[in-house]
Amino acid sequence: MSQQVSAVVARSKGAPVSLETIVVPDPGPGEALVRIEACGVCHTDLHYREGGISDDFPFLLGHEAAGVVEAVGDGVTDVAPGDFVILNWRAVCGQCRACRRGRPWYCFDTHNARQRMTLTDGTELSPALGIGAFAEKTLVAAGQCTKVDPAASAAVAGLLGCGVMAGIGAAINTGGVGRGDSVAVIGCGGVGGAAIVGAKLAGAAKVIAVDIDARKLATAEKLGATHTVNSRETEVADAVRELTGGFGADVVIEAVGRPETYRQAFYARDLAGTVVLVGVPTPEMKLELPLLDVFGRGGALKSSWYGDCLPSRDFPMLIDLHLQGRLDLDAFVTETIALDEVEKAFERMHHGDVLRSVVVL
Ligand code: APR
Ligand code: ZN
Ligand code: ZN
C-alpha cells in the first residue's frame, strides 16, 4: 500500500518549484517512512533546482528535517514507529575502509531508501541528498534517522540535519576548538553562525566574526561573537592578528566558499593554527599562493564535510544541550513558512535576509 502526500518538486532546470502530489511507498527492508514536522531551506536545495548538482530531474527537495517515524520495514531495529527523529544525508555502511578505521564521516558507501517515490503518473523522483523532506511524508533508509529527545522543537531539530550541524561540527569536530582558543569565522550566514555557536560551546575565549554584511555581523554578536570585522572595510588577516596579540587565530573557519575568503582564512591563522574549510567552492574557482607561504606555515588546512559529524553521537548530544539551555539554536529559525512558500524563501535566501527559513508542517 502506498500513500499520496503533498510535496515540493523541482520539475526542470531553473523553473520555480511547485507543490505536487507524490506517491510514497510503504517502507521495505531497512527503510523508514517518516512524517515530516519541519524542514529548513538550504542553499543546496536551490542548487538542485538550478541543475548545479545533477540533471536527474524531477527533484523532491528538502533535506534539513525532523519528524516522527510512522512505519519501518523488515530488519529495522534502531528506530520504531512513534520515534522523533532528525534525518541525515550520510547513512554510513559500517563496512568500508573509512568506517573500519573509525572515520565513518569519510564513508565510501552511504545509502538511501532503495524504493523510489514518484509523481502520480509514475515518474520517479530524485530526493535531494537522498532525503526529500519538503513533503508531508518521505521514505528514507532507517540509518538516515536518529532518535532524539521529542521535547525539542521540530524546527530547531531539523536544522541540525544539515547547515547548523555543518557549522557546529566545523568548530568542534574538524577544528577541535578547545577552551581558551581564539577562533575567527569568515562568513556569518547559517553555517558560519553555527560555527560561532560551536566555538563558544567548546570554550573559545575569542570569537571573531568576519563578514561583508553589517546585518550578519549584528547577528553574529547576538550568537556570541566577541569581536566583529567588516571585511569590506578592513584587511582580514591584519585585523585578526591585531585582535589576537599579533599571532592570528588558533582556528579559522571559512564558511563562504570563495577564493578571496579561502585566502583570508589561510593568512588569518596563527602559524600553528588550523584552517577549517566548510564553504563549498564551485569547480572553476582557483587560488594561487606563494609556496613559501604554504611551506612557512605549520598547523593544518582541513576541509569539513557535513561537520565531520556522527549523527548518532552528535544529534542527541546537541539536542540535550539545547534543551538544558546550554546551546541556543532558536536564533537560526528566522521565519517559519508553509510548504507552498519554498520558492519565496529561495528569494529571501538569495538576498541574504535570513539565517534559515523553516517549513513547518
Ligand atoms: N567575505 C565575507 N563574507 C562573505 C563574503 C565575502 N567575500 N561573501 C559572502 N559572505 C557572507 C554573506 O554575507 C553571508 O553572511 O557569507 C555568508 C554566507 O551565508 P549564507 O548565504 O547564509 O550561506 P550558508 O548557508 O551559511 O552557507 C555558507 O557553507 O556549507 C557551505 O554550501 C555552503 O558554501 C556555503 C557556505
Ligand atoms: Zn543543506
Ligand atoms: Zn562505510
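Numbers here simply count residues along the sequence, with the first being 1. Note that the coordinates shown come from a computational prediction; the quantities given were computed from them, not determined experimentally. Both ligands and their constituent atoms are indexed starting at 1 by order of listing.
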(message) Test ring pair (Phe, Tyr, Trp, His ring centres under 6.0 Å) on Phe108 and Tyr106; report intermediate values, then the result.
(response) CA-CA 6 Å; Phe108 305 146; Tyr106 294 130; 8.7 Å; no
(request) I would like to know whether Glu64 and Leu160 meet side chain to side chain contact (heavy atoms under 4.5 Å, CB included); could you show each step before the answer? (result) CA-CA 7 Å; Glu64 298 192 348; Leu160 281 180; over 6 Å; no
(request) Kindly determine whether Tyr267 and Asp238 satisfy side chain to side chain donor-acceptor pair (under 3.5 Å), including the steps that lead there. (result) CA-CA 9 Å; Tyr267 286 109; Asp238 288 348; over 6 Å; no
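Not a single heavy atom of Gly163 sits under 4.0 Å from any atom of ligand 1. Assignment of Ala255 to the shell around ligand 1 is supported, since a heavy atom sits closer than 4.0 Å.
At a heavy-atom distance under 4.0 Å, only side-chain atoms of Glu260, from C-beta outward, approach ligand 1. Within the 4.0 Å heavy-atom criterion, the part of Ser231 lying near ligand 1 is the side chain and not the backbone. Heavy atoms of Arg356 found under 4.0 angstrom from ligand 1 belong exclusively to the side chain. Only side-chain heavy atoms of His43 come within less than 4.0 Å of ligand 1; its backbone N, CA, C and O stay farther off.
Between His47 and His43, the ring planes are tilted. Angles from 30° to 60° get that label. Between Trp305 and Trp89, the ring planes are perpendicular. Angles over 60° get that label, and only those under 30° would be called parallel.
Because its NZ or CZ atom is both nearer than 6.0 Å to the ring centre of Phe266 and within 45° of the ring axis, Arg269 counts as a cation-pi partner of that residue.
Closest of all the heavy-atom pairs between Pro58 and Leu119 is CG-CD1, 4.2 Å.
Among Leu355, Val41, Val185, Val278, the residue whose heavy atom sits closest to atom 30 (O) of ligand 1 is Val278. Counting heavy atoms only, Val256 comes closest to atom 35 (C) of ligand 1 of the residues Val191, Val256, Val210, Val354.
A donor-acceptor contact closer than 3.5 angstrom links the side chains of Thr261 and Glu254. In the model, Glu335 has a side-chain atom that pairs as donor or acceptor with a side-chain atom of Ser357 under 3.5 Å. When only modelled atom types and interatomic distance are considered, Asn173 and Asp314 share a side-chain donor-acceptor pair under 3.5 Å. In the model, Ser54 has no side-chain atom that pairs as donor or acceptor with a side-chain atom of Asp56 under 3.5 Å.
Near Asp213, meaning under 4.0 Å from any of its heavy atoms, are these atoms of ligand 1: 13 (O). Listed by number with element, the atoms of ligand 1 under 4.0 angstrom from any heavy atom of Gly279 are 29 (O), 31 (C), 34 (O), 36 (C). Atoms of ligand 1 found under 4.0 Å from any heavy atom of Gly190 (numbered from 1 in listed order, with element): 22 (O), 26 (O). Here is the list of ligand 1 atoms found below 4.0 Å of a heavy atom in Lys216: 14 (C), 15 (O). Set against the non-hydrogen atoms of Gly187, the atoms of ligand 1 under 4.0 Å away are 3 (N), 16 (O).
What sits closest to atom 6 (C) of ligand 1 on the protein, heavy atoms only, is Thr261 CG2, 3.6 Å. For atom 32 (O) of ligand 1, the nearest protein heavy atom (residue, atom name, distance) is Val280 CG2, 3.6 Å. Summary of contacts: the protein heavy atom closest to atom 19 (O) of ligand 1 is Gly189 CA, 3.2 Å. The single protein non-hydrogen atom nearest to atom 5 (C) of ligand 1 is Ile212 CD1, 3.6 Å, given as residue, atom name and distance.
At least one N/O/S atom of Cys42, from backbone or side chain, sits under 2.8 Å from the Zn ion (ligand 2).
By the 4.0 Å N-to-carboxylate-O rule, Lys137 lies close enough to Glu70 to be salt-bridged with it.
Taking distance alone, with nitrogen or oxygen atoms compared against 3.5 Å, Asp211 approaches ligand 1 more closely than that limit. Backbone and side-chain nitrogen or oxygen atoms of Gly257 are examined, and none is located within less than 3.5 angstrom of a nitrogen or oxygen of ligand 1.
Vertex the Zn ion (ligand 2), arms ending at SG of Cys162 and NE2 of His63: the angle is 110° after rounding to 10 degrees. Rounded to the nearest 10 degrees, the angle SG (Cys96) to the Zn ion (ligand 3) to SG (Cys107) equals 110°.
No more than 12 heavy atoms of other residues, nucleotides or ligands sit less than 6.0 Å from atom CZ of Arg97.
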